[in-house]
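Since the structure comes first, as structure tokens, the remarks are kept for the end.
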Protein chains: 2
Amino acid sequence: MSVHSGVPTSSAVEDYAKAIYALAAESDGPVSTNAVAERLGVTPASASAMVKRLDELGLARHVPYRGVELTARGSQLALEVLRHHRLLELYLAESLGVPWDRVHDEAEVLEHVLSEELEELIATKLGNPKRDPHGDPIPTRELEIEEDHTLSFDSLEPGGRGTFVRISDSDPQMLRYLADRGISPGAAFEIVEKQPFGGPLFARFGDEVHVIGGTLAARMRVEVST
Amino acid sequence: MSVHSGVPTSSAVEDYAKAIYALAAESDGPVSTNAVAERLGVTPASASAMVKRLDELGLARHVPYRGVELTARGSQLALEVLRHHRLLELYLAESLGVPWDRVHDEAEVLEHVLSEELEELIATKLGNPKRDPHGDPIPTRELEIEEDHTLSFDSLEPGGRGTFVRISDSDPQMLRYLADRGISPGAAFEIVEKQPFGGPLFARFGDEVHVIGGTLAARMRVEVST
DNA sequence: AATAAAGTTTAGGCATGCCATAATCGGGCA
DNA sequence: TGCCCGATTATGGCATGCCTAAACTTTATT
């Protein structure tokens, strides 16, 4: 049990704050209890109870049957944990050589336990980086985070060009799949073709044309060239 | 909740195993429930309940009114956690520059959360060290630990010579106190004088004679020169 | 508008792990 | 032998965090 902004928080509370933060970013407006439950792999009943607790702790505002929204303090907590998570991912990969697709799970555990002192030492050692190995932005010490102006890969149309920026870090298999094909954050591409009816995209990365569809295409975040 | 040797263990269980292991090493024979309670800062009632649980888990054998002893599995668990703890201490000090007297508290938390994979990477990075920064031996991957043939500093008599090996790692203030005076593990000394009635010892470390008594002298472990 | 489906919350339980109080046991001393 | 004190345990309580089942609200369909 640690304390952030005067609020006693457990791992569970931190995970809920993170989940609500992430869901709110994906589709703004209040977040449904069910969505939270699904994301965390608990039953809706459990989520409902915890959401109520976050409300009582002043971390969120919950209107029954309507959804949850984080308060300023709740967002702060989420960003604090996010900073821990992403710093740890980068650190584990760079300093300890943990494989790219394993860092997420390790960080998931350590993030709740990292002291401010260690956070600071790690950030300094890494040179206060702005992005983790998945390309996700790392909140600053002051908990400011770079705004996301990426699009999902599968929202692009033929002829579109851009740069692959990141992928949801909770999908190590996707990371490995792309890495195996030589596609990693920073890779430039051009959409060659798009199959209708939710079909895959054909995109040129360097010399090769790759076929990418399904959930993978939906989870890939890209920055379009103007 | 992790799993060691087929037994599901929580941080609490691991802490109890560690405590019993340490107490058994200090004075062999079965360990009293009360001693465990005191070491962990819980009431005897709580310790009694947990000791019973360790028994049920097959980690210890507890004979009411007689005391507790770890089983083979229990010792294994304790050594596993000890290995985590000491590797972490060394790693934090060496790779992240955490001050010598802070590493214990950080390691105390992280030891319960360290994955086998990370343990292995850290051990390799450190070159499979045999001792942590306090001079305590680190159990091997196979959980063998170097036998302790040290004596407590205050058991020595004038004329005795030896090497300061380590100090209980749960006393950062003692560590700092000694470090401030230029005394660290490996330092050779000779006992100059010993005050009677439990008084302090006068010992020469290098050129200087230091006066050391009380709990500090009792906690310092030394190796005597033959 | 009535009803069905989907989403949400409440009620009741279970396990962990801590505490305090109070009953009980065991060994030493008179 | 009997008594007392300290160690041990039993009992009941509290908080976290998860579950299932059942009740309830909202939204969609007919």
Which residues pass the side-chain hydrogen bond (donor to acceptor under 3.5 Å, both in side chains) test with [X], not counting sequence neighbours?
{"X": "Glu146(A)", "result": "Arg131(A)"}
{"X": "Ser155(B)", "result": "none"}
{"X": "Ser115(B)", "result": "Glu106(A)"}
{"X": "Glu157(B)", "result": "Lys194(B)"}

Compile the donor-acceptor pairs under 3.5 Å between side chains in residues 44-59 of chain A and protein atoms, sequence neighbours left out, one pair per line.
| from | atom 1 | to | atom 2 | distance (Å) |
| --- | --- | --- | --- | --- |
| Ser46(A) | OG | Thr43(A) | OG1 | 3.0 |
| Asp55(A) | OD2 | His62(A) | N | 2.7 |

Give me, pair by pair, the N or O atoms of the protein and of nucleotides 21-27 of chain C that are less than 3.5 Å apart, along with how far apart they are.
| from | atom 1 | to | atom 2 | distance (Å) |
| --- | --- | --- | --- | --- |
| dC25(C) | O4' | Tyr65(B) | OH | 3.1 |

**Request:** May I have all residue pairs that pass side-chain hydrogen bond (donor to acceptor under 3.5 Å, both in side chains) and include part of residues 6-25 of chain A, sequence neighbours excluded?
**Result:**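 Sorted pair list: Ser2(A)-Glu14(A), Thr9(A)-Glu14(A), Glu14(A)-His112(A), Asp15(A)-His112(A), Lys18(A)-Glu108(A), Lys18(A)-Glu111(A).
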**Message:** Once side-chain hydrogen bond (donor to acceptor under 3.5 Å, both in side chains) is applied, what residue pairs with a partner in residues 65-74 of chain B remain, sequence neighbours excluded?
**Reply:**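 For residues 65-74 of chain B, and leaving out neighbouring residues, there are no side-chain hydrogen bond (donor to acceptor under 3.5 Å, both in side chains) pairs at all.
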**Message:** Over all strands shown, is Gly41(B) touching base, sugar-phosphate only, or nothing at heavy-atom distances under 4.0 angstrom?
**Reply:**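 Touches sugar-phosphate only.
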**Item:** Touch class at under 4.0 angstrom, heavy-atom based, for Thr33(A) against every strand present
**Value:**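 Sugar-phosphate: the residue Thr33(A), judged by heavy atoms under 4.0 Å, touches backbone atoms but no base.
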**Prompt:** Is there a side-chain polar atom (N or O) of His62(A) under 4.0 Å from OP1 or OP2 of dT8(C)?
**Reply:**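 No, outside the criterion.
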**Prompt:** Residues in side-chain contact (heavy atoms from CB on, under 4.5 Å) with Glu94(A), at least two apart?
**Reply:**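 Glu94(A) satisfies side-chain contact (heavy atoms from CB on, under 4.5 Å) with Leu90(A), Leu126(A) once adjacent residues are dropped.
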**Request:** Tell me which residues in residues 46-55 of chain A put a heavy atom below 4.0 Å from DNA chain D, sorted by number, or none.
**Result:**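 Going residue by residue through residues 46-55 of chain A, the ones with a heavy atom under 4.0 Å of DNA chain D turn out to be Ser46(A), Met50(A), Arg53(A).
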**Polar side chain donor-acceptor pair, Ser152(A) to Asp154(A), under 3.5 angstrom** =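 Yes, because at least one side-chain N or O of Ser152(A) sits under 3.5 Å from a partner of the opposite role on Asp154(A).
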**Item:** Within residues 112-125 of chain B or reaching into it, pairs that qualify as salt bridge (charged side-chain N to carboxylate O under 4.0 Å, His left out) - sequence neighbours excluded
**Value:**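 Residue pairs passing salt bridge (charged side-chain N to carboxylate O under 4.0 Å, His left out), neighbours aside: Arg102(A)-Glu117(B), Arg83(B)-Glu119(B), Glu120(B)-Arg141(B).
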**Asked** Going 5' to 3' on DNA chain D, which nucleotide is the first and which the last to come under 4.0 Å of a heavy atom in chain B?
**Response**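 On DNA chain D, the outermost contacted nucleotides are dA7(D) to dA10(D).
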**Request:** For Ser11(A) and for Pro44(B), locate the closest nucleotide of DNA chain D by heavy-atom distance; then report the residue assigned to the nucleotide nearer the 5' terminus.
**Result:**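 By nearest-heavy-atom nucleotide position, the 5'-most residue is Pro44(B).
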